[in-house]
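Positions are given from 1 along the sequence.
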Amino acid sequence: MSTPIIFWFRNDLRLRDNPAWVQACATGQPIVALAFEPAMAAMEQRWGAEQPGAVRLQWWHANVQALQQELSGQGVVLWILRGAAPKVIPSLARRVGASAVYCSDIAAPYEQAELVALRGAGLEVHARWGCRLFDASSLPFAVEALPAVFSQFRNAVERARVPVPPPLPAPSAARGFAVAPGDLPFFVECLATPPAGESGLDPRSAFLWQEGVASSVTAGNAGAHRYLDTYFASGRVAQYKATRNGLTGMDYSSKWSPWLAVGAVSAREIILALRSYEDRHGQNDGSYWLWFELLWREYFRCLHQQYGGALYRGRGLGDASPPVKPEKHQRAFAHWTQGRTGCELVDAGMRELAFSGYSSNRMRQILASFWIYDLGGDWRAGAAWFESQLLDYDVYSNQSNWLYIAGLGTDPRGGRRFNVPKQTAEHDPDGVYRALWSAAA
């Protein structure tokens with residue numbers, strides 16, 4: 001039998017438009033497919049966010065299960081593992097006789113260190129970028145010469161009419177490699193999604209999904225495309241710019257982020273659907289603003305390629321770290337994470353995050369601002385807490401948005417402090433949101 005290769009699914013839980021998966025299948029070698037259950041890196045645990053929240057894990061497992069079903073149709077088993085990939089993968093490779101690992105590349109320090117460790121263990125690592133909107137070669141600037149602020153990036157991209165490549169089709173065939181569960185270190189069985197009514201999802205959530213029932217909101221690539229079909233057939237696109245700062249319900253924003261975060265759908269697949277909508281209905285403020293938001297997402301990825309680990313320093317891209325008092329920090333962090341700050345809007349927002357694993361973009365900004373400026377907390381602790389709780393956690397967007405609020409990224413304004421009374425009056429004047437999340441369900 002041919003020597004097997006290992007394919008490691010990271011933030012790319014899909015077969016369609018997955019360059020690394022296409023490359024692995026093109027080798028013609030049998031594949032051992034793996035995914036690691038999300039875990040907080042040791043460097044993030046120091047902030048008190050020791051493990052991903054239950055809702056984030058539940059969404060991840062639902063998408064993994066959908067991917068398992070896709071792969072099983074091609075005769076490939078997807079194994080779910082727990083532990084540190086740099087330790088587990090080399091051990092598995094020795095057991096099955098594999099010498100090469102294929103995976104998506106992620107331009108963040110912890111994820112880059114994982115690949116360095118695998119290479120240090122003697123493995124041949126083939127990592128491909130798979131979450132980008134544009135091909136780097138088509139951009140009107142090199143990554144090292146990335147425009148200093150987002151508006152310059154957007155203008156340059158739009159002036160140059162940088163094309164978005166069409167999504168890659170899923171490979172028509174793949175070869176699986178038989179592995180006994182006993183050969184897998186730290187094997188975790190991917191349990192079936194709980195039946196309807198037993199999922200533990202909070203019914204108040206602004207992102208309600210359910211497996212096993214007739215619903216347009218389900219996990220996986222197929223679920224993402226069903227949702228996109230429903231979304232673009234509705235009137236929500238034209239209304240998006242006006243409603244995007246809402247706080248409650250499914251309709252105020254696009255809600256693409258949960259699928260994008262785990263890689264169950266790609267940005268290129270979404271752009272294809274968006275352009276199809278505009279071909280039918282014409283461009284409007286809402287459709288342009290959806291493109292605008294995807295450009296922000298792309299900019300954050302370029303920032304990571306340009307600056308890497310500098311984005312994870314206490315001072316970020318700034319000259320000095322903001323002052324933080326350790327004794328005050330610990331107490332304030334407990335109050336903030338538990339929704340006990342005494343500020344009604346913030347406490348409601350933190351309860352929503354804890355119970356539903358979701359938060360609107362506007363509320364995330366308010367919560368981050370309050371933690372940094374009103375409570376004097378370290379922005380990295382806030383970023384780590386969001387990482388543990390958000391079901392749509394994305395390393396690029398999470399880190400970059402926290403830097404943006406803290407004024408330690410590329411934004412020339414030097415920080416974004418939100419006036420909470422003003423935000424309350426503008427976005428929750430009748431108290432509906434605060435009442436909704438006034439206490440646990």
Side-chain angles (χ1 to χ4, degrees), residues 12-19 21-22 66 70 129-141 150-172 207 209 215-246 249-302 361 392 394 397:
D12 57 340
L13 302 180
R14 64 183 185 275
L15 304 184
R16 190 166 15 183
D17 200 33
N18 187 332
W21 177 250
V22 171
E70 278 194 87
W129 298 109
C131 61
R132 294 289 302 274
L133 196 58
F134 306 118
D135 284 336
S137 61
S138 66
L139 291 171
F141 42 76
F150 170 71
S151 59
Q152 295 171 355
F153 169 84
R154 175 174 61 89
N155 290 335
V157 165
E158 292 183 337
R159 279 197 304 268
R161 298 182 180 273
V162 179
V164 177
L168 296 170
S172 58
F207 179 72
W209 59 278
S215 170
S216 62
V217 184
T218 55
N221 187 257
H225 280 274
R226 283 193 295 270
Y227 178 78
L228 288 173
D229 289 344
T230 300
Y231 182 79
F232 285 111
S234 71
R236 292 166 61 188
V237 178
Q239 300 169 2
Y240 174 76
K241 185 179 179 182
T243 64
R244 71 190 191 282
N245 285 321
M250 278 289 292
D251 292 348
Y252 66 80
S253 63
S254 70
K255 300 296 191 299
W256 297 336
S257 61
W259 288 279
L260 282 167
V262 296
V265 73
S266 74
R268 292 176 181 179
E269 290 179 277
I270 289 178
I271 285 294
L272 186 65
L274 177 62
R275 297 304 182 226
S276 177
Y277 166 88
E278 291 180 330
D279 287 343
R280 298 191 307 271
H281 304 284
Q283 189 183 85
N284 52 53
D285 285 347
S287 68
Y288 176 77
W289 217 257
L290 289 165
W291 158 254
F292 179 90
E293 300 290 4
L294 287 171
L295 282 182
W296 261 115
R297 181 177 183 272
E298 186 76 359
Y299 182 63
F300 290 156
R301 279 150 174 74
C302 292
N361 182 62
D392 62 351
D394 172 88
S397 296

- Asn284 and Tyr277: side-chain donor and acceptor closer than 3.5 Å?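 Indeed, the side chains of Asn284 and Tyr277 share at least one donor-acceptor pair under 3.5 Å.
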
- Distance-only side-chain donor-acceptor flag, Thr230 / Arg226, under 3.5 Å: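 There is no such pair between these side chains.
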
- What do you reckon, is CZ of Arg280 surrounded by more than 12 foreign heavy atoms closer than 6.0 Å?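 Yes, because the 6.0 Å sphere around CZ of Arg280 holds more than 12 heavy atoms from other groups.
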
- Message: Between Phe153 and Glu298, does the side-chain contact (heavy atoms from CB on, under 4.5 Å) criterion hold? Intermediate values first, please.
- Response: CA-CA 10 Å; Phe153 169 84; Glu298 186 76 359; 4.1 Å; yes

Distance from [X] atom [atom1] to [Y] atom [atom2], nearest 0.5 Å?
X: Ser253; Y: Trp289; atom1: OG; atom2: CH2; value: 15.0 Å
X: Leu274; Y: Tyr288; atom1: CG; atom2: OH; value: 12.0 Å
X: Ser138; Y: Arg161; atom1: OG; atom2: CZ; value: 14.5 Å
X: Arg297; Y: Cys131; atom1: CZ; atom2: SG; value: 6.0 Å

- Ring centers of Trp256, Tyr227 separated by less than 6.0 Å: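 No; Tyr227 has its ring centre 6.0 Å or more from that of Trp256.
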
- Message: Ring centres under 6.0 Å, that's the criterion: do Tyr240 and Phe292 meet it?
- Response: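 Centroid separation for Tyr240 and Phe292: 6.0 Å or greater.
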
Any donor-acceptor pair under 3.5 Å from [X] side chain to [Y] backbone:
X: Asp394; Y: Ser397; answer: yes
X: Glu269; Y: Ser266; answer: yes
X: Asp17; Y: Leu168; answer: yes
X: Arg16; Y: Pro169; answer: no
X: Arg268; Y: Ile271; answer: no
X: Ser276; Y: Leu272; answer: no
X: Arg244; Y: Leu290; answer: no

Is there a side-chain contact between [X] and [Y], using heavy atoms and a 4.5 Å cut-off?
X: Pro140; Y: Arg159; answer: no
X: Ile270; Y: Leu228; answer: yes
X: Tyr231; Y: Lys255; answer: no
X: Asp251; Y: Thr243; answer: no
X: Asn245; Y: Tyr252; answer: no
X: Asp392; Y: Leu260; answer: no
X: Asp12; Y: Trp21; answer: no
X: Val217; Y: Phe207; answer: yes

- Item | Whether Phe134 and Trp291 hold their rings parallel, tilted or perpendicular, with breakpoints at 30° and 60° |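 Because their plane-to-plane angle is over 60°, the rings of Phe134 and Trp291 count as perpendicular.
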
- Hey, what's the ring geometry for Phe150 with Trp296, parallel, tilted or perpendicular (30° and 60° as the breaks)?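 Parallel: the ring planes of Phe150 and Trp296 meet at under 30°.
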
- Below 4.0 angstrom, N of the basic side chain to O of the carboxylate: do Glu158 and Arg154 qualify?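 Yes, this pair counts.
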
- Any Lys/Arg nitrogen of Arg275 or Glu278 sitting under 4.0 Å from an Asp/Glu carboxylate oxygen of the other?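 Yes.
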
- Write down the atom of Pro163, the atom of Pro165, and the distance for their closest heavy-atom approach.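 Heavy-atom minimum between the residues: O-CD, 3.5 Å.
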
- Query: For Ala264 and Asn221, which heavy atoms make the closest approach, and how far apart are they?
  - Reply: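 That would be O-ND2, 2.8 Å.
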
